Amino acid sequence: MKPTRARVVVKARAGWMGMGRGAGPKALGLFKILTVFLCTFHTAFSSSCRIMKCNSEFWSTASNSHHNTGAEDSVEVCTALRTYAHCTRRTARFCRGDLAYHSAVHGIDDLMSQHNCSKEGPTSQPRVRTPPPWDSQERSDSPEICHYEKNFHRHSATPNYTHCGLFGDPHLRTFTDTFQTCKIQGAWPLIDNNYLNVQVTNTPVHPGSTATATSKITIIFKNFQECVDQKVYQAEMDELPAAFVDGSKNGGDKSGANSLKIIEKVAGQHIEIQAKYIGTTIVVRQVGRYLTFAVRMPEEVVNAVEDKENQGLYLCLQGCPQNQQIDFRTFHSQTSETGSRRHGTGSSVSSFTPQMAGAKCKEKLPVEDLYFQSCVFDLLTTGDVNFTLAAYYAFEDVKSLHSNKDKLHLYERKMDIGSGSATPKSGLGMTMFLVVFVYLFQCCTVLP
């Protein structure tokens, strides 16, 4: 028996055989089905390959040309295929060994041959699917179950909303208002419940640096009754789309589809996803090169998991694993023992002094809470002034999404490490504590 991967490739190639030019639309239809399957496979295993973006752009363009016939259809299909091929070439170096990528390349070649397309010729800009007339407003016949608050009020009082956010180098505020600074390089699950999954990928800020930031966010909204179809949203560095990967901006073709929609606040910088059927609002921003994430979610949805006893890692609920948390107490004791500190010369060195970093962060964050401290930490470890804005916007999202206005500012660093949680409580004490740690961190980074 052939391995699964080999069998899939054989089936994919067999799909292109025997399709003459007259079967163009059918061939495209089969190609779309295969592409959707491969995209699902691809989502779980690839972090840098952007073949999903190429696929969604092609189908949003090609779907608008299938209503034409004859020469006009052939010209439009060839233009779309050339654009598709150009997109795959741009992402080729990141997609070696990716099944979806290689199947897409083979499919493009076969379809271009069937339609007698020249590899040289005009290309087009990708077109987002034209929304139906009701896409910009709520459907009058949207079922009540697709509006969480209306449905909730029928049974009890106002739901209790919680907030989770991730920003900077990276700093995590959990649903329980625990604030942590974590290492978490690579892909990590932020949210994993019965309604949606959120995964973030963190990469080094500089080559060889131990400082990381979020470079990719993938959000999967699961199929839910008569409200929404499964939808996938994906953002990466320099790519903050205002649509799901299939080109749509709402929950699909169900009667409650507009209970899930994407709103572009600032092109390329700020999008908001409203999932009214689960009472959830998600904010994704690009600040500088990196991404930030914030969510407002009912407590009932937060805890909606199949098996709580065997629930997997879920950073927004459980926090970072102990071995991924930065323990300031340990570094503080090490600093006391060494009795010295010095600037490093590696790639993670910052040109900011503690005084400069504090003054810069003060411009946007006048209160010396943990958002201010995080800003200082990030400037000292990365030297990137955009991290100042990341902390500022993270706090702005807290103000708009957190249900308890008395808990906006956090002053104590709650850490679930060991049995204790000794933390400095004054703003000045915390700042000095943080500065000592950062200098030690830089020193350790460059020592042989």
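Note that the structure is a prediction, hence the values are computed from the model and not measured.
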- Message: Looking at R296 and D397, is any side-chain nitrogen of the basic one under 4.0 Å from a carboxylate oxygen of the acidic one?
- Response: no
- Message: Donor-acceptor pair, distance only, cut-off 3.5 Å: does the side chain of Q234 make one with the backbone of T218?
- Response: no
- Over 12 foreign heavy atoms within 6.0 Å of NZ, K362: yes
- Query: Do the rings of Y233 and F244 sit parallel, tilted or perpendicular, given the 30° and 60° boundaries?
  - Reply: perpendicular
- Take N223 and K254, measure what side-chain hydrogen bond (donor to acceptor under 3.5 Å, both in side chains) needs, and give me the verdict at the end. CA-CA 10 Å; N223 178 66; K254 295 184 177 181; 2.5 Å; yes
- Would you call the rings of F175 and Y314 parallel, tilted or perpendicular, where under 30° means parallel and over 60° means perpendicular? perpendicular
- Task: Give a yes or no answer on whether the side chain of T382 reaches the backbone of D378 with a donor-acceptor pair at less than 3.5 Å.
- Result: yes
- Does a donor on one side chain and an acceptor on the other come within less than 3.5 Å for Y148 and E300? yes
- Between the side chains of S215 and N202, does any donor sit under 3.5 Å from an acceptor? no
- Test: D246 and K231 ion pair at under 4.0 Å: yes
- Query: So does K249 pair up with E264, basic N to acidic O under 4.0 Å?
  - Reply: no
- Message: So does Y371 get a backbone contact from the side chain of H171, meaning a donor-acceptor N/O pair under 3.5 Å?
- Response: no
- Message: Let's go through V205 and T212 carefully: what are the C-alpha distance in whole Å and the side-chain angles of both, what is the deciding distance for side chain to side chain contact (heavy atoms under 4.5 Å, CB included) to 0.1 Å, and is it a yes or a no?
- Response: CA-CA 5 Å; V205 174; T212 63; 5.5 Å; no
